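Working notes for the structure below.
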Amino acid sequence: MRANALKAGEGIFIASAAMHDIRSIRENPAAFDAGLARRGLAPDAQSLIELDAGLRSVATEMQAGQARRNEASKAIGQAMAKKDMATADALKAEVAALKEGLPALEARERELSAALTDRLLAIPNLPADDVPEGEDEAGNVEVARWGEPRVFDFAPRDHADFGPALGLDFEGAAAMSGARFAALRGGMARLHRALGQYMLDTQTGANGYEEVNPPILVRDEALFGTGQLPKFADDLFRTTDGRWLIPTAEVSLTNLVRESILTEAQLPIRFTALTPCFRSEAGSAGRDTRGFIRQHQFEKVELVAITTPDRSEEEHRHMLASAEGILEALGLPYRRMLLCSGDMGFSARKTFDLEVWLPSQNCYREISSVSNCGDFQARRMNARYRPEGEKGTRFLHTLNGSGLAVGRTLVAVLENGQREDGSVVVPEVLRGYMGGLEVLEPR
RNA sequence: GGAGAGGUGGCAGAGUGGUCGAAUGCGCCGCACUCGAAAUGCGGUUUACGGCAACGUAACGUGGGUUCGAAUCCCACCCUCUCCGCCA
């Protein structure tokens, strides 16, 4: 039992309710419901539209009342300026009567507006048209494969078995922190560091991402913006002062543009960061309990792109290539999966997962997830840009992906590079980061 | 942690209960003048929501409250700055 669930009224509810655009739902309810259906969700448009209609009728009535009140108040001011107290007092009495029902209308309007916002905040992004139909991961489509899984002349072992001899210390970490923690020691720590540095250097180099060292403790608003809240509070760690540990640097990097209006010339913006990530893993009891695959704390090099709608597909491809390049440089076989409508994360409209080959499990395991969120997060964050030669503003598109998860990459390097004697070959591109070390030997 | 100051339009900056969505300056856009430019003059220049429109409503950090009426008064929170303390 976790205590993270936001109590009613506790959360920060974004004032200018953007998220899903109620106007477009109103104009095309069938398309909205069809999108929900692809997500495996029940139709909701009808009920949202009724709520919205109720809200607008109350709002109209409220505004009419306010208009009358404002008009009379002005007249009172004018009368008082002329020292005509009799008229002023008469008007005051009149407005007082007028005002009878107004507070109730205002309260009702607030209530309905908050209710609509709450409903809209809890609805996931709708899948893009080219996302395949499917209920769960069985519906994902393999779209590419790179590299040949190595043929072993001995039975490849699980990293959890041969890792400890190389400095992967589960017991020491468990003694102080509990399950799902590990301490890396000696060459293992350095290999992990080398991986992170190599990834960061590559993303900031040829791939054009700006390095950021962001906060990893954030407030409610940030998590509402990227979509972890309000629905997934139980997956997160919360501090005693009400902040949250980020589950991914996507939160920190994307929120860098919250509530801002960018010029088209500033785009695209590409951010990368190497940060610790924290996840409660509340819903994954029993899964991946052995080894370094699923930890409460892990490091990840995150990629985030902020762009215009017409360029977000292109940016998605670039991000995918940026993540895949790391796997290829490390010589790790992987496959690219296009996630089906039922398996995508809350904020995504289209996601590719990269899965790396793990010989001990004889299968591919997720090591990166690269998503185009369209304008979904931008609406929640109120992040806009000014199109050149146009008057108003439009919502940005945001994308995020791992480039890559450092801990899982370490696992892949260990397992794919293991030798029968329990040593591990250090990939060539990392050797410069390891003082030229070519092989990690058992201690 | 203690003490103090402050958050107003793209920017600077006035406004401390009444025709204030907000003076003035800068910037920006248009027009005039000019061969052209500068200078000058005139006009314009926030956003969101509802409405076919006329128009209405809301917004002066955020959220509440007082009042016939709030940028202005009260409460809470957020943020910035200055000084002191502590600290990697």
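Convention: sequence-line order gives letters A, B, ...; per-chain numbering from 1. Source: prediction; values computed, not measured.
- When ring centroids are compared, F181(A) and H296(A) come within the 6.0 Å threshold.
- Annotation: proximity of residues 70-78 of chain A to RNA chain B (heavy atom, distance under 4.0 Å) is found for N70(A), S73(A), I76(A), G77(A), Q78(A), numbered in ascending order.
- At a threshold of 4.0 angstrom between heavy atoms, the contacts of R384(A) with the nucleic acid are absent.
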*I would like to know whether Q377(A) and E250(A) meet side chain to side chain donor-acceptor pair (under 3.5 Å); could you show each step before the answer?*
CA-CA 11 Å; Q377(A) 294 178 323; E250(A) 165 199 346; 2.8 Å; yes
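- For E109(A), the salt bridge (charged side-chain N to carboxylate O under 4.0 Å, His left out) criterion is met by no residue, not counting sequence neighbours.
- Checking R26(A) against M80(A), the closest nucleotide of RNA chain B that is more toward the 5' end is the one next to M80(A).
- Taking atom CG of residue L102(A) and atom P of nucleotide rU66(B), one finds them 12 Å apart after rounding to whole Å.
- Using a 4.0 Å cut-off, some side-chain N or O of R56(A) falls inside it from OP1 or OP2 of rG51(B).
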For residues 427-438 of chain A, which side-chain N or O atoms pair as donor and acceptor with protein atoms under 3.5 Å away, sequence neighbours left out?
from, atom 1, to, atom 2, distance (Å)
R431(A), NE, V426(A), O, 2.8
R431(A), NH2, V426(A), O, 2.9
Y433(A), OH, D201(A), OD2, 2.6

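- The local environment of CG in D129(A) is sparse, with at most 12 non-hydrogen atoms from other residues, nucleotides or ligands closer than 6.0 Å.
- The C1' atoms of rA59(B) and rA53(B) are separated by 24 Å, rounded to the nearest whole Å.
- E281(A) pairs by the side chain to side chain donor-acceptor pair (under 3.5 Å) definition with S284(A), R294(A), not counting sequence neighbours.
- Side-chain proximity of A67(A) to rG50(B), rU57(B), rA58(B): nearest is rU57(B).
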Just the table, please: protein N/O against nucleotides 73-79 of chain B N/O, every pair under 3.5 Å.
from, atom 1, to, atom 2, distance (Å)
rC78(B), O3', R219(A), NH1, 2.8
rC79(B), OP1, R219(A), NH1, 2.9

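- Between R23(A) and rC49(B), a side-chain N or O to OP1/OP2 separation shorter than 4.0 Å is present.
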*Dot-bracket encoding of pairs in RNA chain B, which uses [ ] for pseudoknotted crossings and | for another strand, Watson-Crick or G-U under 3.5 angstrom*: ((((((((.[[[..)..(.....]]]((((((.......))))))(((((....))))).[[[[[..)....]]]]])))))))....
